[in-house]
2 protein chains.
Amino acid sequence: MRETKSKYAILGMLSIEPMSGYDIKKEIQESISYFWAESYGQIYPVLKSLVAEKLVTKTVQKGAGKPDRHVYSLTERGRKELRAWLAEGASMPKVERNEMLLKLFFGEEVAVSVNIRHVEEFRELQRVLLEKYKAIEKELKATCADNPNAPYWLMTVRYGQQIRQALLDWCDETLTKLNKMVKAAGDKH
Amino acid sequence: MRETKSKYAILGMLSIEPMSGYDIKKEIQESISYFWAESYGQIYPVLKSLVAEKLVTKTVQKGAGKPDRHVYSLTERGRKELRAWLAEGASMPKVERNEMLLKLFFGEEVAVSVNIRHVEEFRELQRVLLEKYKAIEKELKATCADNPNAPYWLMTVRYGQQIRQALLDWCDETLTKLNKMVKAAGDKH
DNA sequence: CCTACTATATATCTTCGTGATATATAACTC
DNA sequence: GAGTTATATATCACGAAGATATATAGTAGG
C-alpha cells in the first residue's frame, strides 16, 4: 500500500468535510499552501488506496452536465488512523532548496549588481506573501471565530508571517551590505 | 541532456576547487546544507553529462590502495556556463512541506498536550541549528577573512540564522497559546 | 589477533513528488 | 459563435531523495 505523508494530508482535509479530489486540491491551496502542497498525481492514486483500506468511502454524485463528482467521506476507521498519525512524532523538515541563496553563495563570480537584483526579486515575493498571510489572519478571525479549529489555523498562519517577516529583514540587511560593496569597490566586471 | 539545478550547484562547487564526486557531496554538506542538498544519485550522473558537454574535465588519480579518485575540474566553458546561470533570474522556492505544521493544523482532533510536544520537538531542532549557524559564522570570520567569497558566504549564513531565530520566537509564542488552552479548558480527550 | 566501525570512493535502484498534459463539459464573455 | 474560465478525473515523464551494493584501508576495542 502507498505509504506517504500525502495520505494524512488528505485524510485531514476529509476530516473537515467530505470532498472530491478536485476540492481537496483547491482546499489545500487555499488553506495550507504556505507549508504544504499536493498535486493530482498524488491525490487520485491515494484516494483510490484509501478506499481500498476502508479509511474513506466514495459516493458518486451525478453531475448535471458536468463530470460526475466523486465525493469521499472519512470513515470512523479513517478518523482513528488520522488521530494515530497526529499522535506520532513529526519528522523534521528536510532542506528546502533555495536557488536565490545558491546564486548568492557563488556571487563572487558575477557583478554585485546581479546579486542585488536577485535579492530584490526575492524580497518582493516575501512582501507579497506577508500581505497575503495578514489578510488570511484577518479573514480567519472574522469568519471562523466560533470554529474549534480556528486557534490551530491561526497558529499556522502566524508561522508563515513570522518567516516572511524574518526574510524581509534579512533582505534589507543584505541589500545594505551589497550596496556598500558597490560603493567601496565600484561595480566590478 | 540532463537539465537540473544540481548541474549548477556542482559547477559552482568545482569553481571553488577541483573535486571528486565524494568531495562534492561532503563540501555541500559542510557549506550550504542549510539551503541545498545533493545525493550521489544526482552527482554522479550529472558529472558524467558535464564531461560530455565539456564543461568539466576528468582526471583519475591512482589511489594508493583506496579506490581511484576521479577528480573533476571546471573548464573555461564551464565557468562561462556557471556565470550565465548566475546572471539569470532565480526561480522562487516552492513550498517546503512541514509535517509539524500539518499536524498542528489538524490539532483539534487530538489532545492539546500532543500539539505541545510537537512544537517543543520542533523548537529544540531550531535551537540546535541556530547554535550551529552561529558557530559557522564565527569560523568563517576567523579563517576566511581574506577570501573574496567570504562576504557572500556570510550573507547565506545570516539567512539561516534569521530563519531559525524567527522560528524559535514562533515556537515560544505558540507554546504560550497552547499552555493557555490547557489551563482554560482542561486537557480534553 | 580479530572484529567492528569509520572514512574514502563510485555507482545504481526504487520510490516519491511535481508539473504538464489529456479529456470532457458548462458557463460566461466578447 | 468563438474563446476563455471553471469544474472534474486521470496519467505520464522526469527530477530528487534515500537506501543499498561494492571495495579498501585505517583505527579502536575486546
Side-chain angles (χ1 to χ4, degrees), chain A residues 1-10 13 18-30 32-33 35-51 56 58-72 91-99 102, chain B residues 1-10 13 18-30 32-52 56 58-72 91-99 102:
Chain A
M1 212 63 357
R2 225 178 143 80
E3 198 46 49
T4 150
K5 309 295 175 191
S6 299
K7 174 178 171 178
Y8 300 104
I10 292 169
M13 283 295 146
M19 285 185 237
S20 68
Y22 184 81
D23 292 336
I24 291 171
K25 179 81 155 59
K26 223 176 31 168
E27 276 299 311
I28 287 179
Q29 181 60 34
E30 278 166 22
I32 58 176
S33 58
F35 65 85
W36 205 268
E38 292 294 348
S39 67
Y40 292 129
Q42 293 144 247
I43 291 172
Y44 288 110
V46 168
L47 279 173
K48 207 172 269 184
S49 76
L50 289 178
V51 171
V56 306
K58 173 181 178 175
T59 54
V60 178
Q61 291 177 3
K62 285 289 160 197
K66 288 183 209 174
D68 294 350
R69 277 175 58 82
H70 301 202
V71 178
Y72 298 86
S91 73
M92 292 299 120
K94 49 183 176 178
V95 276
E96 144 202 40
R97 280 182 163 206
N98 186 317
E99 201 176 321
L102 188 62
Chain B
M1 212 58 2
R2 224 179 144 80
E3 198 46 50
T4 152
K5 309 294 175 192
S6 300
K7 173 177 170 177
Y8 301 104
I10 292 169
M13 283 295 145
M19 284 184 237
S20 68
Y22 184 82
D23 291 337
I24 290 171
K25 180 79 156 57
K26 221 176 30 167
E27 275 301 310
I28 287 179
Q29 181 60 35
E30 278 167 22
I32 59 177
S33 57
Y34 46 99
F35 65 85
W36 205 267
E38 294 293 347
S39 68
Y40 292 128
Q42 294 144 246
I43 291 172
Y44 287 111
V46 168
L47 280 173
K48 207 172 269 182
S49 76
L50 288 178
V51 171
V56 305
K58 173 180 176 175
T59 53
V60 177
Q61 291 178 4
K62 287 288 160 201
K66 288 182 209 176
D68 293 352
R69 277 174 60 82
H70 300 201
V71 178
Y72 297 85
S91 73
M92 292 300 119
K94 47 183 176 179
V95 277
E96 145 204 38
R97 281 183 163 204
N98 186 316
E99 201 175 322
L102 187 63

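Residue numbers start from 1 in every chain, and the chains themselves are labelled A, B, ... in the order their sequence lines are given, proteins ahead of strands. Every heavy atom of this structure was used, including side-chain atoms; hydrogens, water molecules and symmetry mates were not. These numbers come from a predicted model, not from an experiment.
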Practice prompt. Starting at atom CD of B:E30, determine the distance to atom P of C:dT8, rounded to an integer number of angstrom.
Written response: 9 Å

Worksheet item: Are any of A:T4's side-chain N or O atoms less than 4.0 Å away from OP1 or OP2 of C:dG17?
Response: yes

Fill in: Residue whose closest nucleotide on DNA chain C lies nearer the 5' end, B:H70 versus B:V95
B:H70

Worksheet entry | Between D:dT7 (C1') and A:Y22 (OH): distance, integer Å | 5 Å

Item to complete: Find the distance A:L47:CG to D:dA10:C1' and express it as a whole number of Å.
Response: 12 Å

Worksheet item: Going by heavy atoms in the side chains, are B:T4 and B:Q42 under 4.5 Å from each other?
Response: no

Worksheet entry | side-chain N/O B:R69 vs C:dT8 OP1/OP2, d < 4.0 Å | no

Discussion item. With a 4.0 Å limit, can you tell me whether B:Q42 has a side-chain N or O closer than that to the phosphate oxygens OP1/OP2 of D:dA17?
Written reply: yes

Item to complete: For residues A:K58 and A:L47, determine if any side-chain heavy atom of one lies less than 4.5 Å from a side-chain heavy atom of the other.
Response: no

Worksheet item: Looking across every strand, which nucleic acid part, if any, lies under 4.0 Å from B:K25 by heavy atom: base, sugar-phosphate, or nothing?
Response: nothing

Worksheet entry | Atom-to-atom span, NZ of A:K7 to P of C:dT15 - whole angstrom | 17 Å

Worksheet item: What's the NZ-P distance between A:K58 and D:dA8, to the nearest Å?
Response: 14 Å

Discussion item. Any side-chain N or O of B:Y40 below 4.0 angstrom from OP1/OP2 of C:dA11?
Written reply: no

Response to the item:
note: A:E38, atom CD; C:dG19, atom C1'; distance rounded to Å ~ 14 Å

Worksheet item: Any ion pair linking B:R97 and A:E38 (charged N to carboxylate O, less than 4.0 Å)?
Response: yes

Worksheet item: Closest heavy-atom contact between B:W36 and A:V95?
Response: C-CG2, 4.3 Å

Worksheet item: In whole angstrom, what separates A:Y44's OH from C:dG17's C1'?
Response: 17 Å

Worksheet item: A:S39 or B:K48: which one's nearest nucleotide on DNA chain C is closer to the 5' end?
Response: B:K48

Item to complete: Taking only the side-chain nitrogens and oxygens of A:K26, find out if one of them lies under 4.0 Å from OP1 or OP2 of D:dT7.
Response: yes

Practice prompt. Would you indicate, yes or no, if C:dT18 has its OP1 or OP2 atom less than 4.0 angstrom from a side-chain nitrogen or oxygen of B:K94?
Written response: no

Discussion item. What's B:S20 touching, base or sugar-phosphate or nothing? Going by heavy atoms closer than 4.0 Å.
Written reply: sugar-phosphate

Worksheet item: Does any N or O in the side chain of A:S49 come within less than 3.5 Å of the main-chain N or O of A:V46, such that one atom is a donor and the other an acceptor?
Response: yes

Item to complete: Compare side-chain N and O positions of A:R97 against OP1 and OP2 of D:dA17 and report whether any pair is under 4.0 Å apart.
Response: yes

Practice prompt. Please state how far atom CD in B:E96 lies from atom P in D:dA16, giving the value in whole angstrom units.
Written response: 17 Å

